[in-house]
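Numbered from 1 within each chain, the chains take letters A, B, ... in sequence-line order.
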There are 2 protein chains.
Amino acid sequence: MKRSDNKSHCPINFSLETFGDSWSLLIIRDMVYFGKKTYGEFLESDEGISSNILASRLVHLEQRGLIVKKPHDTDKRKEVYLLTEKGLDLIPILLELADWAAKYDSETDAPQSWIAAVNSDRKSMISLIRDTVKDGGSVFSGSNSVVSKLTMT
Amino acid sequence: MKRSDNKSHCPINFSLETFGDSWSLLIIRDMVYFGKKTYGEFLESDEGISSNILASRLVHLEQRGLIVKKPHDTDKRKEVYLLTEKGLDLIPILLELADWAAKYDSETDAPQSWIAAVNSDRKSMISLIRDTVKDGGSVFSGSNSVVSKLTMT
DNA sequence: CTTTTCACTTTTATAATGCAAGTGATATTG
DNA sequence: CAATATCACTTGCATTATAAAAGTGAAAAG
């Protein structure tokens with residue numbers, strides 16, 4: 001991954017160059033859906049990202065302004081990664097990707113009730129997710145999750 | 001790119017494995033936005049895809065059922081690639097990617113009037129694009145384009 | 001004080017990509 | 001109708017990215 005490819009200013013290409021590699025969106029997914037915030041948490045994902053790749057992607061996402069890195073409040077070994085406004089604006093893209101996959105992957109992990117909830121009131125769902133994530137929560141994990149607010153599984 | 005990774009059945013991951021590599025979505029973009037249909041047309045894109053990579057991506061997209069390959073009506077050297085229903089269902093994703101990039105790339109090629117049109121009436125715009133592409137047209141190119149239907153530049 | 005945990009880095013093997021140059025079939029041109 | 005150009009690929013090779021494993025230094029835990 002080169003730092004400044006800039007093959008074109010086509011908006012699709014711009015998005016792909018910014019966060020469209022195999023791993024970047026999975027990191028964003030972990031933040032939005034599962035509330036992950038630290039290097040160690042990202043490493044544990046089912047897809048099995050290597051530590052060197054994870055490190056390079058976090059640098060890349062930070063350079064592009066999608067995430068910010070902050071020292072952990074109490075544990076000085078840890079770093080906390082958080083989404084910026086620019087990163088939070090990827091939520092609609094994640095929802096579309098999930099919607100498409102839920103439709104075409106017969107073995108999808110996506111809960112149908114969740115997909116239905118998003119499709120029934122997309123705009124307000126986006127802002128609910130946004131606010132929740134901004135507040136340190138996530139879609140599925142933790143006490144402060146979107147699904148717990150909606151009382152669904 | 002391995003044929004069957006299947007690292008997980010997370011819907012985001014499924015989408016990324018199906019069409020989320022650097023080039024696949026650019027091919028789909030060329031079909032939806034510019035009405036490209038042949039190998040030679042895909043090769044001409046600004047981003048400069050290599051011929052071997054293009055060939056492998058077309059095979060991949062066809063195997064996953066996003067596109068179909070047909071012999072050209074009159075020229076027997078040519079093959080025509082068309083989007084399936086499954087491929088057409090990527091249109092909402094393209095729109096979101098473009099919307100995000102239009103917001104954050106100061107030098108974007110995306111016409112603001114187009115972005116505004118999509119955002120003002122998303123649902124009907126999606127079906128208009130869908131119908132147009134199904135009919136052999138595209139968003140920007142050709143006489144049968146979405147923008148000519150909307151009479152905007 | 002010793003051992004873990006944490007966020008990375010380094011090393012090395014393997015796989016993907018990019019580039020240039022084919023190839024065989026069909027179409028076009030003189 | 002023979003020569004040339006076009007088309008959709010394929011092949012070979014150099015370069016780059018990725019994956020896996022082990023290592024590093026600082027801070028926390030026991």
Side-chain angles (χ1 to χ4, degrees), chain A residues 1-8 13 16-27 30-31 34-64 67-82, chain B residues 1-8 13 16-27 30-31 34-64 67-82:
Chain A
M1 194 172 40
K2 287 167 201 159
R3 302 295 147 203
S4 40
D5 302 273
N6 267 131
K7 296 179 208 251
S8 77
N13 186 55
L16 292 174
E17 286 182 3
T18 308
F19 56 80
D21 76 273
S22 312
W23 294 112
S24 294
L25 266 175
L26 293 177
I27 295 169
D30 281 344
M31 300 178 87
F34 306 115
K36 295 187 181 179
K37 292 175 179 60
T38 66
Y39 191 91
E41 287 172 328
F42 298 130
L43 261 189
E44 286 167 6
S45 299
D46 287 344
E47 290 86 8
I49 190 170
S50 312
S51 55
N52 52 347
I53 305 294
L54 173 58
S56 79
R57 290 309 181 280
L58 289 171
V59 167
H60 183 249
L61 290 172
E62 196 184 8
Q63 284 176 344
R64 305 290 171 116
I67 62 177
V68 283
K69 183 179 172 180
K70 294 182 176 180
H72 191 273
D73 283 341
T74 58
D75 190 335
K76 287 183 184 174
R77 293 170 307 176
K78 291 188 181 178
E79 300 283 343
V80 173
Y81 292 94
L82 299 172
Chain B
M1 195 173 34
K2 286 170 200 157
R3 302 294 144 203
S4 40
D5 302 273
N6 267 131
K7 296 179 208 248
S8 76
N13 186 55
L16 292 174
E17 286 182 3
T18 308
F19 56 82
D21 76 273
S22 311
W23 294 112
S24 294
L25 266 176
L26 293 177
I27 295 169
D30 282 343
M31 301 178 86
F34 306 115
K36 296 189 181 179
K37 291 174 179 59
T38 66
Y39 190 91
E41 288 173 327
F42 297 131
L43 261 190
E44 287 168 3
S45 299
D46 288 343
E47 291 86 7
I49 188 170
S50 316
S51 56
N52 54 346
I53 305 293
L54 174 57
S56 79
R57 289 309 181 279
L58 289 171
V59 167
H60 183 246
L61 290 172
E62 198 184 7
Q63 285 177 343
R64 306 289 173 114
I67 62 177
V68 283
K69 184 179 171 179
K70 294 182 175 179
H72 191 273
D73 283 341
T74 58
D75 191 335
K76 288 183 183 171
R77 293 170 307 178
K78 292 187 181 177
E79 301 283 342
V80 173
Y81 292 94
L82 299 172

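As judged by a 4.0 angstrom heavy-atom cut-off over every strand, A:Thr38 is placed among residues touching the sugar-phosphate backbone only. Contact annotation for A:Tyr81: backbone-only contact, meaning every heavy-atom pair under 4.0 Å involves sugar-phosphate atoms and none involves a base.
Here the closest heavy-atom approach between residue A:Thr38 and residue A:Glu79 is recorded as CG2-O, 3.5 Å.
Nucleotide C:dT9 holds its P atom 7 Å from the OH atom of A:Tyr39, rounded to whole Å. Rounded to an integer number of Å, the gap from A:Leu54 CG to C:dC6 P is 14 Å. Atoms NZ (B:Lys36) and C1' (D:dC7) sit 16 Å apart, rounded to a whole Å. Going from atom CD of A:Glu62 over to atom C1' of C:dA7 covers 13 Å, rounded to whole Å. As a whole-Å value, the separation of A:Arg57 CZ from C:dC8 C1' is 15 Å. One can place CG of A:Leu26 at 11 Å from P of D:dA19, the figure rounded to the nearest angstrom. Atom P of nucleotide D:dT11 and atom CG of B:Asn52 are separated by 11 Å, given to the nearest angstrom. Note: CG (B:Leu43) to P (D:dT10) measures 12 Å, nearest angstrom.
Taking the nucleotide of DNA chain C with the nearest heavy atom to each of A:Gly40 and B:Ser50, the more 5' of the two is matched to A:Gly40.
A 4.5 Å side-chain heavy-atom check between B:Lys36 and B:Ser45 finds at least one atom pair inside the cut-off. A heavy-atom distance below 4.5 Å is not found between the side chains of A:Lys7 and B:Asp46. Considering only heavy atoms from C-beta on, A:Phe34 stays 4.5 Å or farther from A:Glu41 through its side chain.
When the side-chain nitrogen and oxygen atoms of B:Lys69 are compared with OP1 and OP2 of D:dC9, one or more of them lie within a distance under 4.0 Å. Distances shown here put every side-chain N or O of A:Trp23 at or beyond 4.0 Å from the OP1 or OP2 atom of D:dA17.
Between A:His60 and the choices A:Arg57, A:Arg64, A:Glu62, the side-chain hydrogen bond (donor to acceptor under 3.5 Å, both in side chains) rule is met once, by A:Arg64.
Nearest nucleotide to the side chain of A:Lys78, out of C:dC19, C:dC6, D:dT18: C:dC6.
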Pairs under 3.5 Å (N/O, protein and nucleotides 25-30 of chain D):
{"unit_1": "D:dA28", "atom_1": "OP1", "unit_2": "A:Lys76", "atom_2": "N", "d": "3.0"}

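Although no hydrogens or angles enter the test, the distance criterion places a donor-acceptor pair under 3.5 Å between the side chain of A:Tyr39 and the main chain of A:Ser51. With hydrogens and angles disregarded, no donor-acceptor distance shorter than 3.5 Å links the side chain of B:Lys69 to the backbone of B:Ile67.
Side chain B:Ser22 to base C:dT17: no donor-acceptor pair is found below 3.5 Å.
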